[in-house]
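Below is one structure; the comments refer to it alone.
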Amino acid sequence: MPETLSPSPALTVLSEEEELFRQTVREFAESEIRPLVHAMDEAGSFRAELIGKFFELGLMGVEVPERWGGAGGSFFLATVAIEELARVDASAAIYVDVHNTLVNNALLRWGTDEQKARYFPRMTSGLLGAFALSEPGSGSDAFALQTRAVAREGHWELTGRKFWITNGAEAGIFIVFANADPAKGYKGITGFLVERDFPGFAVGKKENKLGIRASSTCELILESCRVPETNVLGPVGQGYRVSIETLNEGRIGIGAQMVGVSEGALQAALGYVKERKQFGKPVSEFQGVQFQLAQMRTDLEAARLMVYNAARLKDGGRPFTAEAAMAKLFSSQVADRITSTCVELFGGYGYSKEYPVEKYYRDAKIGTIYEGTSNMQLLTIAKSLLK
Ligand SMILES: Cc1cc2nc3c(=O)[nH]c(=O)nc-3n(C[C@H](O)[C@H](O)[C@H](O)COP(=O)(O)OP(=O)(O)OC[C@H]3O[C@@H](n4cnc5c(N)ncnc54)[C@H](O)[C@@H]3O)c2cc1C
């Protein structure tokens, strides 16, 4: 059993290695990302040099074995990185989240040794990944995807459009899902490793969004895109498993992102209510405000415990699907509530872009949508209850 499941007295007590890692990411986020957050949000684009630093810091191969350039760490460590980055900037967090918990994870679980040896050294040193499942007409009903894969001599041809693809503007490698045998329904879905410069592949429009504005979200266009036979990820016709099982894990990362967003907003509000004076004293001295703070702290503790528990269950090789869905559902609801309350605690200033909380409020919303909407998490949880 991995060391991270070890005899920790409580879920929130980290091992020495985990604590050191947390501190490193926190210091990096505070010193290198925080000063750029507002400008990146306003511009709606992420600074390329920060992505380079994610690689340099070893944040882009947290679970990848050392022989392929990774850090050989746990899934839990990846969630710690995501939480700490999201505390400062949810957009920064999602670059690291998608790359680790979706792309690296899918390749680790479903890739051949040859694919891992070919791609991981690049994916831990500069090649950013994206995960392309959604399409204009298929989101929650992901298996209704219309992108088609046709087998040719020595290669496949992929044709279709993908929508909402995180990291799309900067990624060099995309896990693309296409149906290789529509007659078989979802059992035709197959995963492919598609490089940005493969013939017939193009990145289209970038979305202008409510929140996580600096994170790129793009359309992908595949027109008879030529993908070598050696780039099929997992067995042909098993792409539905590759996608769903990867997302089951990825959801824990989104939970961590929501915990980080909540913590960031709460810390900002704590600072503010101690400074802001009304009726001759700091507003933190009003019991009504104290109760709001205490409620937020309690909600956040519960969300964090659920996320850590799901991550540690996964690391321990135990069933975690329902726990991951509950963690994502709850932590995104909590983030929605906490960031909203924090805007209110800042009063009118909370509504201004001069102060940090309105951004946390906008960034929180995505947690209820991507990697399965809240309703889809409820479906998963209900299924586990009734099976
Ligand atoms: C910023 C951003 C980044 C994204 N990144 C990626 C990415 O990297 N890769 C990727 O593949 N996708 C990505 N997505 C897509 C995302 O996963 C989908 O938007 C999401 O799964 C919802 O699908 P949809 O938008 O088609 O909504 P729909 O599926 O059309 O849902 C609309 C509403 O109907 C509800 N609903 C649908 N079906 C049911 C049901 N059976 N029971 C009850 N309610 C239901 C939903 O909960 C929702 O409220 C991203 C989206 C956004 C906004």
Side-chain angles (χ1 to χ4, degrees), residues 10-14 19 22-23 25-31 33-35 37-38 41 79-94 97 210-212 252-278 281-309 311 327-368:
L11 281 170
T12 48
V13 175
L14 274 57
E19 195 50 55
R22 177 193 289 284
Q23 278 311 323
V25 181
R26 180 170 295 187
E27 279 160 30
F28 164 72
E30 289 294 347
S31 62
I33 302 176
R34 176 97 61 199
V37 169
H38 182 70
D41 182 64
T79 64
V80 167
I82 295 159
E83 177 190 340
E84 285 302 323
L85 292 172
R87 195 174 153 274
V88 171
D89 182 24
S91 290
I94 199 66
D97 173 272
L210 168 75
I212 55 164
I252 306 171
I254 303 303
Q257 184 194 31
M258 291 297 110
V259 167
V261 165
S262 303
E263 182 70 54
L266 179 58
Q267 289 305 324
L270 277 174
Y272 185 79
V273 294
K274 286 190 249 174
E275 296 285 321
R276 175 70 176 172
K277 288 199 172 109
Q278 289 293 284
K281 54 184 177 183
V283 295
S284 61
E285 291 186 19
F286 297 110
Q287 197 178 48
V289 169
Q290 290 174 3
F291 284 0
Q292 287 174 293
L293 297 172
Q295 185 63 57
M296 288 193 285
R297 176 73 184 85
T298 306
D299 281 350
L300 178 52
E301 180 78 358
R304 182 175 279 122
L305 288 171
M306 290 174 79
V307 169
Y308 286 12
N309 187 47
K328 197 246 186 199
L329 172 76
F330 188 72
S331 59
S332 58
Q333 290 170 339
V334 160
D336 215 23
R337 284 201 294 272
I338 289 184
T339 56
S340 174
T341 305
C342 289
V343 169
E344 290 171 28
L345 285 175
F346 270 71
Y349 300 96
Y351 211 67
S352 162
K353 285 187 184 290
E354 301 283 310
Y355 290 80
V357 281
E358 62 82 33
K359 176 178 177 293
Y360 285 115
Y361 181 55
R362 288 184 285 108
D363 286 349
K365 196 68 212 171
I366 192 60
T368 65

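When a residue number appears, it is its place in the shown sequence, counting from 1.
Under the 3.5 Å distance criterion, the side-chain polar atoms of Arg362 are matched with a main-chain donor or acceptor of Leu210. Within the 3.5 Å criterion, the main-chain N or O of Tyr349 finds no donor-acceptor partner in the side chain of Glu354. Checked by atom type and distance alone, the side chain of Lys328 pairs as donor or acceptor with a backbone atom of Gly367 at under 3.5 Å. A side-chain donor-acceptor contact under 3.5 Å links Asp363 to the backbone of Ile212.
Shortest non-hydrogen contact noted between Ala29 and Glu84 is CB-O, 4.1 Å. Taking each heavy atom of Leu345 and Ala269 in turn, the nearest pair found is CD1-CB, 4.4 Å. A pairwise comparison of heavy atoms in Glu83 and Tyr308 identifies OE1-OH, 2.7 Å as the closest pair. Of all the heavy atoms in Ala302 and Phe330, the pair that sits closest is CB-CE2, 3.7 Å. The minimum heavy-atom distance between Ala92 and Ile33, with the atom names listed, is CB-CD1, 4.0 Å. Nearest heavy atom pair, residue Val343 against residue Val357, reads CG2-O, 3.8 Å.
Here the OG1 atom belonging to Thr341 is positioned 5.5 Å from the CD atom belonging to Glu344, to the nearest 0.5 angstrom. Here the straight-line distance linking atom CG of Asp41 with atom CD of Glu358 works out to 6.5 Å at 0.5 Å rounding. Here Glu275 contributes atom CD and Ser284 contributes atom OG; the two are 9.5 Å apart, rounded to the nearest 0.5 Å. The CD atom of Gln257 sits 10.0 Å away from the OG atom of Ser262 when rounded to the nearest 0.5 Å. Atoms OG and CZ, on Ser352 and Phe346 in that order, are 10.5 Å from each other to the nearest 0.5 Å. Between Lys365 atom NZ and Met258 atom CE the span is 10.5 Å, to the nearest 0.5 Å.
Partners of Arg87 by side-chain hydrogen bond (donor to acceptor under 3.5 Å, both in side chains), not counting sequence neighbours, listed by chain and number: Glu30.
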- Check step by step if side chain to side chain donor-acceptor pair (under 3.5 Å) holds for Gln267 and Tyr360. CA-CA 11 Å; Gln267 289 305 324; Tyr360 285 115; over 6 Å; no
- side chain to side chain contact (heavy atoms under 4.5 Å, CB included) assessment of Asp299 paired with Arg337: CA-CA 9 Å; Asp299 281 350; Arg337 284 201 294 272; 3.4 Å; yes
- Walk me through it: do His38 and Lys353 pass the test side chain to side chain contact (heavy atoms under 4.5 Å, CB included)? CA-CA 8 Å; His38 182 70; Lys353 285 187 184 290; 4.2 Å; yes
- Show the numbers, then the answer: is there a side chain to side chain contact (heavy atoms under 4.5 Å, CB included) between Arg304 and Leu300? CA-CA 6 Å; Arg304 182 175 279 122; Leu300 178 52; 4.2 Å; yes
- Item | Verdict with supporting geometry, Thr339 and Val261, side chain to side chain contact (heavy atoms under 4.5 Å, CB included) | CA-CA 8 Å; Thr339 56; Val261 165; 3.8 Å; yes
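Exactly one residue among Asp89, Ile82, Ile254, Ile366 makes a side-chain contact (heavy atoms from CB on, under 4.5 Å) with Ile94. That residue is Ile254.
Taking 4.5 Å as the limit, some side-chain heavy atom of Gln287 sits within range of a side-chain heavy atom of Phe291. Side-chain atoms of Gln292 and Val289, non-hydrogen and from C-beta on, do get closer than 4.5 Å to each other.
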